[in-house]
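Below is one structure, written out as structure tokens, with a few remarks after it.
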Amino acid sequence: MLHKRRLSIALGLALALPVTFSSVARADTPAGYPADYAKVIEGAGKEGKVVIYSTTDSKAAEALIKDFGALYPGVKVEYNDMNSTEAYNRFISEAAAGGATADVMWSSSMDLQVKLASEGYAVAYKSPEAAALPAWANWKDTAYGTTFEPAAIVYNKRLVSEAEVPSSHDEFTRLLVSKQDKFKNKVTTYDIEKSGVGFSLMTYDLKHNPHFWDFAKAMGGVAARVQSSTGTMLERISSGENLIGYNILGPYALVRAKKDPSIGVAFTKDYNLVLSRVIFINKAGKNLNAAKLWVDYILSKRGQTIIANDAQLFAIRGDVTGTTTSAELTRQLGASLKPMPVSTELLDYLDQKKRLDFLKQWKEATKK
């Protein structure tokens with residue numbers, strides 16, 4: 001995950017003309033929405049803001065915030081960008097204290113988001129946009145997947161030949177075993193003890209890869225280097241300090257590859273995990289109507305088009321066109337894509353004993 005800095009962005013009031021509640025109240029109800037949605041828009045105007053805690057970088061979210069402000073100019077967006085652990089800990093701490101906290105939680109740590117939703121922190125809200133989502137991306141009309149982000153193999157194009165780039169997980173294992181000298185200390189992946197995203201991806205690998213522990217031993221054989229930051233891994237692959245990276249978030253890698261000729265990005269054809277940033281509305285939020293506006297906007301075709309083309313995080317809706325969309329990725333990889341479902345299945349390895357047992361077995365298998 002990219003290095004995070006906490007940043008609050010307040011947009012929506014910075015317009016040339018004064019903004020009043022009436023300008024929000026007069027905003028048109030989106031086409032196809034129920035007639036009484038006007039009450040949500042009116043309520044949001046009275047609230048005047050929405051507070052968001054998110055792991056999506058503020059730079060990536062900027063176009064979304066600006067466009068939302070154009071639709072609802074009287075609703076200020078207070079956008080707080082932080083890493084997944086910080087967002088989770090801050091939210092539960094503030095919620096326990098009964099003080100001000102997020103109206104909307106939007107995080108790439110799918111398991112932590114579903115955990116919070118299943119523990120009663122999220123309000124059940126059937127978005128008018130819910131029908132446009134795949135069934136696996138909706139947990140009880142309470143937590144929704146918003147993106148379609150493939151895990152990727154990232155490599156240094158100058159130092160790793162195209163013939164060496166693995167197209168399956170077994171090929172990755174064979175590469176590390178057969179060229180151990182070349183890849184010794186040169187492979188990187190997430191630190192699964194520190195990165196929630198990395199831990200989730202690796203436990204889902206265990207479900208899909210019948211030779212997972214052979215892969216783990218191969219990672220140990222080359223003394224794989226682990227990081228909690230996507231940015232750090234991309235930097236080290238680009239410089240040649242590392243040659244290849246595993247399970248790196250594809251959208252960030254593809255953005256880097258567009259401007260960095262040293263970076264190559266590949267996907268696996270036996271199966272390729274897909275992560276989705278999960279969003280929910282805080283049941284105890286102070287600005288519930290404004291929160292509904294934001295969630296509906298993020299799930300809408302308009303919002304998803306910006307997610308694809310500006311944020312470049314891969315739109316989850318099948319009716320959005322472009323290169324960074326679920327439709328295009330499905331055209332390329334088809335049935336090999338394995339989305340991680342927004343469901344309580346994600347909570348399996350949050351059980352403390354199961355988590356510790358997995359980490360212990362991983363450490364044993366990857367011993368250098």
Side-chain angles (χ1 to χ4, degrees), residues 1-2 55-57 60 84 106-111 113 133-134 136-137 144-155 157 165-172 188-190 192 195-209 212 215 227 229-231 233-234 237 244-258 260 263-279 304-305 307-318 320-343 345-346:
M1 190 166 296
L2 293 175
T55 61
T56 303
D57 298 315
S84 57
W106 187 26
S107 174
S108 53
S109 282
M110 299 179 69
D111 52 357
Q113 288 288 90
L133 299 179
W136 59 262
Y144 296 102
T146 64
T147 57
F148 196 83
E149 302 179 47
I153 292 171
V154 182
Y155 59 99
K157 292 168 71 174
V165 179
S167 61
S168 73
H169 292 78
D170 282 348
E171 282 186 18
F172 199 107
T188 188
T189 192
Y190 290 109
I192 63 173
S195 168
V197 170
F199 182 82
S200 290
L201 288 169
M202 206 66 82
T203 55
Y204 265 83
D205 270 325
L206 177 60
K207 294 182 180 185
H208 290 286
N209 184 354
F212 176 81
F215 162 76
Q227 304 290 338
S229 163
T230 305
M233 289 191 284
L234 293 176
I237 294 169
I244 195 165
Y246 178 75
N247 262 0
I248 296 177
L249 284 181
Y252 291 146
L254 289 168
V255 168
R256 176 65 181 258
K258 286 180 180 179
D260 187 339
I263 294 289
V265 182
F267 302 109
T268 42
K269 295 183 173 60
D270 54 335
Y271 73 89
N272 203 104
L273 296 179
V274 176
L275 173 145
S276 186
R277 291 167 198 256
V278 175
I279 199 166
Q304 287 280 303
T305 299
I307 281 176
N309 298 307
D310 292 273
Q312 298 183 65
L313 292 175
F314 283 83
I316 195 170
R317 287 178 62 127
V320 175
T321 58
T323 56
T324 48
T325 62
S326 60
E328 176 60 22
L329 201 61
T330 300
R331 187 189 69 78
Q332 292 178 29
L333 297 176
S336 65
L337 293 170
K338 300 298 181 187
M340 295 162 61
V342 183
S343 77
E345 179 184 323
L346 290 163

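Worth knowing before you read on, the calculation uses all heavy atoms, side chains too, and leaves out hydrogens, waters and symmetry mates. Quick note: residue numbers are just sequence positions, from 1.
The side-chain hydrogen bond (donor to acceptor under 3.5 Å, both in side chains) search around Ser167 returns Glu171, not counting sequence neighbours. Remark: Gln227 engages no residue in a side-chain hydrogen bond (donor to acceptor under 3.5 Å, both in side chains) (not counting sequence neighbours). Qualifying ring-ring contact (aromatic ring centres under 6.0 Å, His included) partners for Phe267, counting only residues two or more places apart in sequence or in other chains: none. With sequence neighbours excluded, the residues satisfying side chain to side chain contact (heavy atoms under 4.5 Å, CB included) with Ala315 are Gln304, Ala308, Val320, Thr325. Residues meeting the salt bridge (charged side-chain N to carboxylate O under 4.0 Å, His left out) test with Lys207, sequence neighbours left out: Glu345, Asp348. Listed by chain and number, the residues in a side chain to side chain contact (heavy atoms under 4.5 Å, CB included) with Lys157 are Tyr155 (sequence neighbours excluded). For Thr324, there are no side-chain hydrogen bond (donor to acceptor under 3.5 Å, both in side chains) partners, not counting sequence neighbours. Listed by chain and residue number, nothing satisfies the salt bridge (charged side-chain N to carboxylate O under 4.0 Å, His left out) test with Asp270 (two or more places apart in sequence, or in another chain). For the side chain to side chain contact (heavy atoms under 4.5 Å, CB included) test, residues two or more places apart in sequence or in another chain that qualify with Thr189 are Met202, Met219, Val226, Tyr246, Asn247. Legend: residues meeting side-chain hydrogen bond (donor to acceptor under 3.5 Å, both in side chains) with Ser276, ordered by chain and number and at least two apart, are absent. For Val342, the side chain to side chain contact (heavy atoms under 4.5 Å, CB included) partners at least two apart in sequence or on another chain are Met110, Val114, Trp139, Ala143, Val278.
Across all their heavy atoms, Val265 and Ala257 have their closest contact at CG2-CB, 4.1 Å. Contact between Gly318 and Ala327 at its shortest, heavy atoms only, is O-CB, 3.9 Å. Closest heavy-atom contact between Glu328 and Gly322: CB-O, 3.3 Å. Nearest heavy atom pair, residue Ala60 against residue Ala311, reads O-CB, 3.3 Å. The two residues Pro339 and Phe148 make their nearest non-hydrogen contact at CG-CE1, 4.0 Å. Annotation for Asp111 and Leu346: closest pair CB-O, 3.5 Å, computed over non-hydrogen atoms.
With contacts defined as side-chain heavy-atom distances shorter than 4.5 Å, the pair Ile244/Pro166 qualifies.
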Mind running side chain to side chain contact (heavy atoms under 4.5 Å, CB included) on Phe314 and Val274 for me, showing each step along the way? CA-CA 10 Å; Phe314 283 83; Val274 176; over 6 Å; no

Determine whether Ile237 and Ile248 satisfy the following criterion, side chain to side chain contact (heavy atoms under 4.5 Å, CB included), listing intermediate values before the conclusion. CA-CA 11 Å; Ile237 294 169; Ile248 296 177; 3.9 Å; yes

Evaluate side chain to side chain contact (heavy atoms under 4.5 Å, CB included) for Leu275 paired with Ser108, printing each intermediate quantity in order. CA-CA 8 Å; Leu275 173 145; Ser108 53; 4.1 Å; yes

Please evaluate residues Val154 and Met233 with respect to the criterion side chain to side chain contact (heavy atoms under 4.5 Å, CB included), reporting the C-alpha separation (whole Å), side-chain torsions for both, the decisive distance (0.1 Å), and the verdict. CA-CA 9 Å; Val154 182; Met233 289 191 284; over 6 Å; no

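Formation of a donor-acceptor pair under 3.5 Å by the Thr268 side chain with backbone atoms of His169 is not found in this model. Of the possible polar contacts, none joining the Ser195 side chain to the Ile192 backbone as a donor-acceptor pair under 3.5 Å is found. Looking only at distances, no side-chain donor or acceptor of Asn209 sits under 3.5 Å from a matching main-chain atom of Asp205. Under a 3.5 Å cut-off, the side chain of Asn272 and the backbone N or O of Ala152 do not form any donor-acceptor pair.
We find the CZ-OG1 distance between Phe212 and Thr203 to be 8.5 Å, quoted to the nearest 0.5 Å. With rounding to the nearest 0.5 Å, the separation of OG1 in Thr230 from CG in Leu249 is 5.0 Å. In this structure, OG1 on Thr323 lies 8.5 Å from CG on Leu254, to the nearest 0.5 angstrom. Here CD1 of Ile316 is found 9.0 Å from CD1 of Ile307. Values are rounded to the nearest 0.5 Å. Interatomic distance, NE2 of His208 versus CG of Leu273, reported as 5.5 Å (0.5 Å rounding). To the nearest 0.5 Å, atoms NZ (Lys269) and OG (Ser168) are separated by 10.0 Å.
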